[in-house]
Protein chains: 2
Amino acid sequence: MKGHVDLLLLSTLRTGPLHGYGVVEKLRGLSEGAFDLAEGTVYPALYRLEAAGLLSSSWTKANGRRRRLYELTSRGRGELARERDEWQAFAHAVEVVVT
Amino acid sequence: MKGHVDLLLLSTLRTGPLHGYGVVEKLRGLSEGAFDLAEGTVYPALYRLEAAGLLSSSWTKANGRRRRLYELTSRGRGELARERDEWQAFAHAVEVVVT
DNA sequence: TTCAATACCTCGGATCGCAAAGTATTGCCA
DNA sequence: TGGCAATACTTTGCGATCCGAGGTATTGAA
């Protein structure tokens, strides 16, 4: 799962803001259990992405529980597109080698 | 390039024995330049794979230059099949998430 | 003879995924 | 009422791994 977490997180936020825990659940759902990221993976990754200017966050409250809501910045959208293209090229190249 | 080196190396050796330098060249050729692994990546990886019983090696000589020839063991072939299946599942799951 | 290519080895930094442990709140159920 | 599961976030530290950089040695071409 190394090196692809950023792409997965950015992709998951593509359709709208989510908080950390929500990202984990959505990713697990989308991938039918294949991607069940540990919190120790996701939260630091979200911090990194925000520090890199690809995400912005704001505190909200839902059911008395505090939530930090993340959403893509415009730079984040650009980076998402870039990383998706990169993934396609990478996946294609692997496919060529392994088959 | 993290986490996929083993699969690429095993795949490259699938069609016959090769030495380290040769693996690098073949991989670069197969992938049309996409995978140009550093020697500091490949040699330690080959040692790891041999230590894990997936490869076996023997010294040979070609044009006065010493070469360490690596080839898949039967366990290596099994592992290759396993990792290839794993890759397919992984790639498919990523595809679902990013599209 | 000097340099590029071939071929190998090794050290060290930097990154990263993740398990683990901690805090806090809400709501269910016995 | 008490306790436990689920929700939600944070931080620490280990282990793995990629790779840049530097080192050794041989061959052959310029």
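Treat the numbers as computed from the prediction; the structure is a model and nothing was measured. Note on naming: letters A, B, ... go to the chains in the order of the sequence lines (proteins, then strands), and numbering restarts at 1 for each one.
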Could you state the atom-to-atom distance from [atom1] of [X] to [atom2] of [N] in whole Å?
{"X": "B:K61", "N": "C:dT6", "atom1": "NZ", "atom2": "P", "result": "19 Å"}
{"X": "A:Y43", "N": "C:dT23", "atom1": "OH", "atom2": "P", "result": "17 Å"}
{"X": "B:L9", "N": "D:dC19", "atom1": "CG", "atom2": "C1'", "result": "14 Å"}
{"X": "B:Y21", "N": "D:dT24", "atom1": "OH", "atom2": "P", "result": "18 Å"}
{"X": "B:H4", "N": "C:dC16", "atom1": "NE2", "atom2": "C1'", "result": "13 Å"}
{"X": "B:R67", "N": "C:dC9", "atom1": "CZ", "atom2": "P", "result": "14 Å"}
{"X": "A:W59", "N": "D:dT7", "atom1": "CH2", "atom2": "P", "result": "18 Å"}
{"X": "B:D6", "N": "D:dT17", "atom1": "CG", "atom2": "P", "result": "7 Å"}

Most 5' of A:R66 and A:R48 on DNA chain C, judged by nearest nucleotide: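 Checking each residue's closest nucleotide, the 5'-ward one belongs to A:R48.
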Can you name the closest pair of heavy atoms from B:L55 and B:L13 and give their distance?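 For B:L55 and B:L13, the tightest heavy-atom pair comes out as CD2-CD1, 3.5 Å.
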Can you tell me if A:T41 touches the phosphate of C:dC18, counting only side-chain N or O atoms and a distance under 4.0 Å to OP1 or OP2?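 The answer is yes; a side-chain N or O of A:T41 sits under 4.0 Å from OP1 or OP2.
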For a quick test of reading the model: is some side-chain N or O of B:Y47 closer than 4.0 Å to OP1 or OP2 of C:dC8?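 Looking at the OP1 and OP2 atoms of C:dC8, neither is under 4.0 Å from any side-chain N or O of B:Y47.
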Closest listed nucleotide, where the reference is the side chain of [X] and the choices are [options]:
{"X": "B:R65", "options": "C:dA5, D:dC18, C:dG17", "result": "C:dA5"}
{"X": "A:P44", "options": "D:dC9, D:dT17, D:dT11", "result": "D:dT11"}
{"X": "B:A38", "options": "D:dG20, C:dT10, D:dA8", "result": "D:dG20"}
{"X": "B:M1", "options": "C:dT6, D:dC18, D:dT10", "result": "D:dC18"}
{"X": "A:H19", "options": "C:dC8, D:dA8, D:dT10", "result": "D:dA8"}
{"X": "B:E25", "options": "C:dT6, C:dC8, C:dT25", "result": "C:dT6"}
{"X": "B:L37", "options": "C:dC9, C:dC18, D:dC19", "result": "D:dC19"}
{"X": "B:V5", "options": "C:dA7, D:dA8, D:dC18", "result": "D:dC18"}

Report which part of the nucleic acid [X] touches: base, sugar-phosphate, or nothing (heavy-atom distance under 4.0 Å, all strands).
{"X": "A:G64", "value": "sugar-phosphate"}
{"X": "B:G22", "value": "nothing"}
{"X": "A:G20", "value": "sugar-phosphate"}

Want to settle it: does A:K2 or A:N63 sit nearer the 5' end of DNA chain D, counting the closest nucleotide to each?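 The 5'-side residue here is A:N63.
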When you measure from the side chain of B:R68 to the backbone of B:S57, do you find a donor-acceptor pair of N or O atoms at a distance under 3.5 Å?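 Pair absent, no side-chain N/O of B:R68 close to backbone of B:S57.
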Less than 3.5 Å between a donor and an acceptor, one on the side chain of B:E39 and one on the base of D:dC19, is that the case here?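 Looking at the base of D:dC19, it does not pair with any donor or acceptor on the side chain of B:E39 (distance under 3.5 Å).
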What residue among A:L80, A:L9, A:L54, A:T15 forms side chain to side chain contact (heavy atoms under 4.5 Å, CB included) with A:L72?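 Checked A:L80, A:L9, A:L54, A:T15 against A:L72; only one passes side chain to side chain contact (heavy atoms under 4.5 Å, CB included): A:L80.
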Classify the angle between the aromatic ring planes of A:F90 and A:H4 as parallel (below 30°), tilted (30 to 60°) or perpendicular (above 60°).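 Plane angle between 30° and 60°, so tilted.
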Below 30° counts as parallel, above 60° as perpendicular, anything between as tilted: where do the rings of B:H19 and B:Y21 land?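 Rings of B:H19 and B:Y21: parallel, under 30°.
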Should B:M1 and B:L8 count as side-chain neighbours, where that means a heavy-atom distance under 4.5 Å?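 Touching, per the 4.5 Å side-chain cut-off.
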